S.K.: 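Just passing along the structure, written as structure tokens.
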Amino acid sequence: MKNRSYSSAKKRPAVTTTRMAEIYIEMVFLRREYMEYCHEHSGDTLFFKMSDFWNWLCEGSSEFKIKKYRSDQTKDFSRRASIVALGNWMTLTVDERLFAKAADGDKFANYILAHEFGHLALGHSEISATKRNYLMSESARGMANIPATVEELEANLAAPFFQCGKLLEDARWDAVHLANRAFSDVYSVERAQKFVRLEIFQREVRRQLEEEVDRLSSIPRVAF
């Protein structure tokens, strides 16, 4: 896992442009891998529900599993999903109603499941084995999600990156349309679009990709 450069701000965690570009490249790569494996299509124009993705990830696996539970929560924002990963073992614990709503196409439920996959994909368990879950709070201004840690902020970014892929860069897609097609949270998609369309972000993505090409080209080839 690559080194991170984080803000030391105590009130609100921050992610550098360099790290955000790393997350974007990684999540787009994983998205394409999944699409090619399941749909024989590595492009960016197909969409999927996160419930289907999690079922695929855990099906027949001895290392990955889903543990559903029934809660008495009546409000969607109170339903929980969390992930615990220790070594090669991973468990997604999720409110059964939340998972069912994701399967039905609910955008917020799918976004939460994408957020939890973000934790897994970015190796946050390598930093801490703490149980991680997406939390919403209700205030006079409505619902809010203020990430308490850098890991939570990174997972917030990873979710729309994974669900929408390179289409976040396409100005022909507005946030509402893209979120509806990708079964994602409109606000999070809109926020992700603003980031990935910045020239400084695009330059950083190109720089990292060029460095990776140079690194791979410098590896000696073995003759057989």
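Any value given below was found using the heavy atoms of this structure, including those in side chains, with hydrogens, waters and symmetry copies removed. Note that the coordinates shown come from a computational prediction; the quantities given were computed from them, not determined experimentally.
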S.K.: CD1 of Ile66 to CD of Glu116: how many Å apart, nearest 0.5 Å?
M.R.: 12.0 Å
S.K.: Taking the six-membered ring for Trp, are Phe161 and Phe201 parallel (under 30°), tilted (30 to 60°) or perpendicular (over 60°)?
M.R.: tilted
S.K.: Just checking Phe53 against Phe162, ring centres under 6.0 Å apart?
M.R.: yes
S.K.: Where is the tightest heavy-atom contact between Leu198 and Lys194, given as atom of each residue plus distance?
M.R.: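 Looking at all heavy atoms of both residues, the shortest contact is CG-O, 3.2 Å.
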S.K.: Working to the nearest 0.5 Å, report the span between CZ of Phe47 and CG of Asp52.
M.R.: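 Going from the CZ atom of Phe47 to the CG atom of Asp52 covers 15.0 Å.
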S.K.: Under a plain distance cut-off of 3.5 Å, with no hydrogens placed, do Glu152 and His119 share a side-chain donor-acceptor pair?
M.R.: yes
S.K.: If the test is side chain to side chain donor-acceptor pair (under 3.5 Å), which one of Arg70, Lys67, Lys68 qualifies with Glu96?
M.R.: Arg70
S.K.: Would you please indicate yes or no on a ring centroid separation below 6.0 angstrom for Tyr34 and Trp56?
M.R.: yes
S.K.: Do the side chains of Tyr24 and Leu168 get nearer than 4.5 Å, heavy atoms only?
M.R.: yes
S.K.: Does the side chain of Glu169 reach to within under 4.5 Å of the side chain of Gln202, using non-hydrogen atoms?
M.R.: yes
S.K.: Under 4.0 Å between a side-chain nitrogen and a carboxylate oxygen: does that hold for Glu204 and Arg19?
M.R.: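 A salt bridge is absent here (no side-chain N lies under 4.0 Å from a carboxylate O).
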S.K.: If I compare all heavy atoms of Val15 with all of Leu153, which pair ends up nearest, and what's the gap?
M.R.: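 Nearest pair, atom of Val15 first, then Leu153: CG2-CD2, 3.6 Å.
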S.K.: For a side-chain contact (heavy atoms from CB on, under 4.5 Å) check, start with the C-alpha distance between Ile23 and Leu122, then their side-chain angles and the critical distance, and finish with the verdict.
M.R.: CA-CA 8 Å; Ile23 296 171; Leu122 299 178; 4.1 Å; yes
S.K.: CG/Leu178 to CG/Asp170 distance, rounded to the nearest 0.5 angstrom?
M.R.: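 Output value for this atom pair is 9.0 Å.
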S.K.: Side-chain heavy atoms nearer than 4.5 Å, only ILVMFWY residues, links allowed to pass through others: does that put Phe48 and Val189 together?
M.R.: yes
S.K.: Donor-acceptor check, side chain of Gln208 to backbone of Thr18, threshold 3.5 angstrom: yes or no?
M.R.: yes
S.K.: Hydrophobic cluster membership, with links at side-chain heavy-atom distances under 4.5 Å among I/L/V/M/F/W/Y: are Val150 and Phe117 in one?
M.R.: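 Yes, because Val150 and Phe117 connect within a single hydrophobic cluster, where side-chain heavy atoms sit under 4.5 Å apart.
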S.K.: Any side-chain to backbone donor/acceptor pair from Asp104 onto Asp106? Under 3.5 Å, distance only.
M.R.: no
S.K.: Could you measure the distance from the CD1 atom of Ile25 to the CD atom of Glu212? Nearest 0.5 Å is fine.
M.R.: 8.5 Å
S.K.: Any idea which heavy atoms bring Lys49 and Ala102 closest together, and the distance?
M.R.: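 Taking Lys49 first and Ala102 second, the nearest heavy atoms are CD-O, 3.8 Å.
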S.K.: According to a hydrophobic-cluster definition based on side-chain heavy atoms being under 4.5 Å apart (Ile, Leu, Val, Met, Phe, Trp, Tyr only), do Val213 and Val28 belong together?
M.R.: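 No, no single cluster joins them.
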S.K.: Check whether any side-chain heavy atom of Arg80 lies under 4.5 Å from a side-chain heavy atom of Tyr69, and answer yes or no.
M.R.: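 They are in contact (side-chain heavy atoms under 4.5 Å apart), so the answer is yes.
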S.K.: Take Asn180 and Lys107 through the test side-chain contact (heavy atoms from CB on, under 4.5 Å) and record every step on the way to the result.
M.R.: CA-CA 7 Å; Asn180 286 338; Lys107 295 191 293 293; 3.3 Å; yes
S.K.: What are the two closest heavy atoms between Arg181 and Thr45, and how far apart are they?
M.R.: NH2-O, 4.4 Å
S.K.: Identify which one of Glu33, Met35, Met27 satisfies the side chain to side chain contact (heavy atoms under 4.5 Å, CB included) criterion when paired with Arg31.
M.R.: Met35
S.K.: Membership question, hydrophobic clusters at under 4.5 Å side-chain separation (ILVMFWY): are Leu120 and Trp89 in the same one?
M.R.: no
S.K.: Would Trp54 and Val94 count as a side-chain contact (heavy atoms from CB on, under 4.5 Å) here? Give the steps.
M.R.: CA-CA 11 Å; Trp54 275 107; Val94 56; over 6 Å; no
S.K.: Do you know the tightest heavy-atom contact between Ala121 and Glu26?
M.R.: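 Taking every non-hydrogen atom into account, O-OE2, 4.5 Å.
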S.K.: Would you say the side chain of Lys166 lies within less than 4.5 Å of the side chain of Arg32, judging by non-hydrogen atoms?
M.R.: yes
S.K.: Could you tell me how the ring of His115 sits relative to the ring of Tyr111: parallel (under 30°), tilted (30 to 60°) or perpendicular (over 60°)?
M.R.: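 Ring orientation, 0 to 90° scale: tilted.
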S.K.: Is it true that a side-chain atom of Arg215 and a backbone atom of Glu210 form a donor plus acceptor pair closer than 3.5 Å?
M.R.: no
S.K.: So does Thr93 get a backbone contact from the side chain of Thr91, meaning a donor-acceptor N/O pair under 3.5 Å?
M.R.: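 No, Thr91 side chain to Thr93 backbone: no donor-acceptor pair under 3.5 Å.
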S.K.: Please step through side-chain contact (heavy atoms from CB on, under 4.5 Å) for the pair Asp185 and Ile112, ending with a clear verdict.
M.R.: CA-CA 9 Å; Asp185 174 66; Ile112 292 177; over 6 Å; no
S.K.: Between Asp95 and Arg97, does at least one N-O distance fall below 4.0 Å, as a salt bridge requires?
M.R.: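 Not counted as a salt bridge, because no side-chain N and carboxylate O are separated by less than 4.0 Å.
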S.K.: Heavy atoms only: give me the nearest Ser51-Asn110 pair and the separation to one decimal.
M.R.: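 Taking Ser51 first and Asn110 second, the nearest heavy atoms are N-OD1, 3.8 Å.
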S.K.: Does Glu59 have more than 12 heavy atoms from other residues, nucleotides or ligands lying within 6.0 Å of its CD?
M.R.: no
S.K.: Is there a donor-acceptor contact under 3.5 Å from the side chain of Gln193 to the main chain of Trp173?
M.R.: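 A pair under 3.5 Å: yes.
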S.K.: Atom CG in Leu57, atom CE in Met90: separation rounded to 0.5 Å?
M.R.: 5.5 Å
S.K.: Mind checking whether Val176 and Phe183 sit in one hydrophobic cluster, side chains of I, L, V, M, F, W, Y counted as touching below 4.5 Å?
M.R.: no
